[in-house]
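Just so we're on the same page: letters track the sequence lines, and every chain starts at 1.
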There are 2 protein chains.
Amino acid sequence: MLNIGDAANATGLPTKTVRYYADVGLVVPNGRSENGYRLYGDVELRKLTFVRRARALSFSIEECRELLSLYEDQDRSSANVKSLALKRLAEIEDKLHDLRKLRDELAHLAEACHGDDRPDCPILDSFAGSGPRHNG
Amino acid sequence: MLNIGDAANATGLPTKTVRYYADVGLVVPNGRSENGYRLYGDVELRKLTFVRRARALSFSIEECRELLSLYEDQDRSSANVKSLALKRLAEIEDKLHDLRKLRDELAHLAEACHGDDRPDCPILDSFAGSGPRHNG
DNA sequence: CTTGACCTTCCAGTGGCTGGAAACCTTATA
DNA sequence: TATAAGGTTTCCAGCCACTGGAAGGTCAAG
């Protein structure tokens with residue numbers, strides 16, 4: 001049974017985050033020591049690592065909660081997990097698409113900008129241009 | 001001179017957001033009407049549109065403030081703007097990279113998951129696997 | 001006169017932490 | 001025994017960029 005700091009080290013999470021997960025009931029400690037310290041056992045360490053990984057894949061806390069309960073449920077069907085993963089996948093694809101567009105626009109602008117002492121700048125022009133009907 | 005709602009419509013921003021931008025001093029109204037309503041003129045509309053575009057390219061509020069002041073400064077050099085844009089570009093490339101990795105991982109997992117009633121699920125396994133030293 | 005659509009201010013909440021204060025516990029050292 | 005350093009506890013505030021809602025003022029139409 002580890003104190004919170006050791007549990008944090010063992011799972012690669014910040015101590016504050018482990019405490020936060022306990023507060024929101026995502027991964028609650030196994031119990032408390034006599035002096036009130038949170039105690040984490042193997043099961044909790046595994047859950048914390050599980051959550052760290054799922055968070056790194058940008059699952060929300062609520063989704064992590066859902067995944068954890070599926071993870072704990074011996075009778076779960078993998079269809080639930082898959083549909084959750086596919087939903088996240090679609091969102092990530094969208095985000096990826098937006099980000100690529102953004103990157104291309106910005107790259108195009110930066111390329112067009114000579115970046116010297118002259119005041120004219122295509123970047124600012126593009127932000128300002130074809131605005132709320134101010135000159136065509 | 002438009003009221004806040006009309007200004008919001010003209011620039012494609014939510015009314016609340018326009019008010020927020022006024023509160024934080026990003027785009028302050030031209031003045032107030034007798035009854036205390038915020039009033040927006042052409043200049044402010046152009047600034048709001050400018051900000052909307054820059055925000056859509058994921059510039060932060062502070063960066064927008066900086067861009068706006070460059071935009072307003074007749075003596076600015078385009079190098080300032082370009083360096084800001086390039087900095088953002090690098091961040092976006094990083095984010096893109098991470099997101100692609102994330103997508104590939106998740107796609108791989110979803111593909112490996114048969115998604116039926118059987119309880120064994122590669123997605124959960126991968127979250128749980130090679131954890132905090134619990135079985136190798 | 002009422003209805004409805006505006007507008008105002010202010011306060012609270014979002015997500016997922018993160019920082020800090022004040023106090024307690026443990027261990028090591030002088 | 002004092003004390004200092006490091007852990008831990010609780011609670012409260014702040015981050016970002018809004019967003020929602022309450023309570024009230026204003027204005028035009030019917």
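- Note: the hydrophobic cluster containing A:Met1 does not contain A:Tyr21 (ILVMFWY, side chain heavy atoms under 4.5 Å, direct or indirect links).
- Here the C1' atom of nucleotide D:dG7 and the CG atom of A:Leu39 are 14 Å apart, to the nearest Å.
- Look at CD1 on B:Ile4: it is 11 Å from C1' on C:dC6, rounded to the nearest Å.
- Annotation: side chain of B:Val43 is not in contact with side chain of B:Asn30 (no heavy-atom distance under 4.5 Å).
- Rounded to a whole Å, the CG atom of A:Asp6 is 19 Å from the P atom of C:dC25.
- Going from atom CG of B:Leu57 over to atom P of D:dA17 covers 15 Å, rounded to whole Å.
- The CG-P distance, from B:Leu26 to D:dC16, rounds to 14 Å in whole Å.
- Taking CD1 of B:Ile4 as the reference point, atom CZ of B:Arg19 lies at 4.5 Å (rounded to 0.5 Å).
- Distance OH (B:Tyr37) to C1' (C:dT9): 13 Å, rounded to an integer number of Å.
- Contact annotation: B:Asn35 side-chain N/O to D:dC27 OP1/OP2 distance is under 4.0 Å.
- Among the atoms of the strands shown, base atoms are found under 4.0 Å from some heavy atom of B:Arg19.
- The phosphate of C:dT8 has OP1 or OP2 within less than 4.0 Å of a side-chain N or O from B:Arg38.
- In this structure, A:Asn3 places its CG atom 10 Å from P of C:dT26, rounding to the nearest Å.
- Closest approach of B:Ala10 and B:Leu2 over heavy atoms only: CB-CD1, 4.4 Å.
- Each end of the helix from C:dC1-D:dG30 to C:dA30-D:dT1 gets its own axis from five base pairs, and the two axes differ in direction by 30°, given to 10 degrees.
- Both B:Phe59 and B:Ile61 belong to a common hydrophobic cluster when Ile, Leu, Val, Met, Phe, Trp and Tyr are linked at side-chain heavy-atom distances under 4.5 angstrom.
- Rounded to whole Å, atom P of C:dC6 lies 21 Å from atom CD of B:Glu34.
- With rounding to the nearest 0.5 angstrom, the NZ atom of B:Lys101 is 13.0 Å from the CD1 atom of A:Ile92.
- Side-chain contact between A:Val27 and A:Leu68: present, with at least one pair of heavy atoms (C-beta onward) separated by less than 4.5 Å.
- One finds no salt bridge joining B:Lys47 and B:Glu44 here, because no Lys/Arg side-chain nitrogen approaches an Asp/Glu carboxylate oxygen to under 4.0 Å.
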### Task
Could you please spell out the steps behind the side-chain contact (heavy atoms from CB on, under 4.5 Å) verdict for B:Leu48 and B:Leu13?
CA-CA 8 Å; B:Leu48 285 171; B:Leu13 288 165; 4.0 Å; yes

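- The phosphate of C:dT9 has OP1 or OP2 within less than 4.0 Å of a side-chain N or O from B:Arg32.
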Under 3.5 Å between N/O atoms: give me all the protein pairs with nucleotides 16-18 of chain C, atom names plus distance.
| residue | atom | partner | partner atom | Å |
| --- | --- | --- | --- | --- |
| C:dC17 | OP2 | A:Tyr21 | OH | 2.8 |
| C:dC17 | OP2 | A:Arg55 | NE | 3.0 |
| C:dT18 | OP2 | A:Thr17 | OG1 | 3.0 |

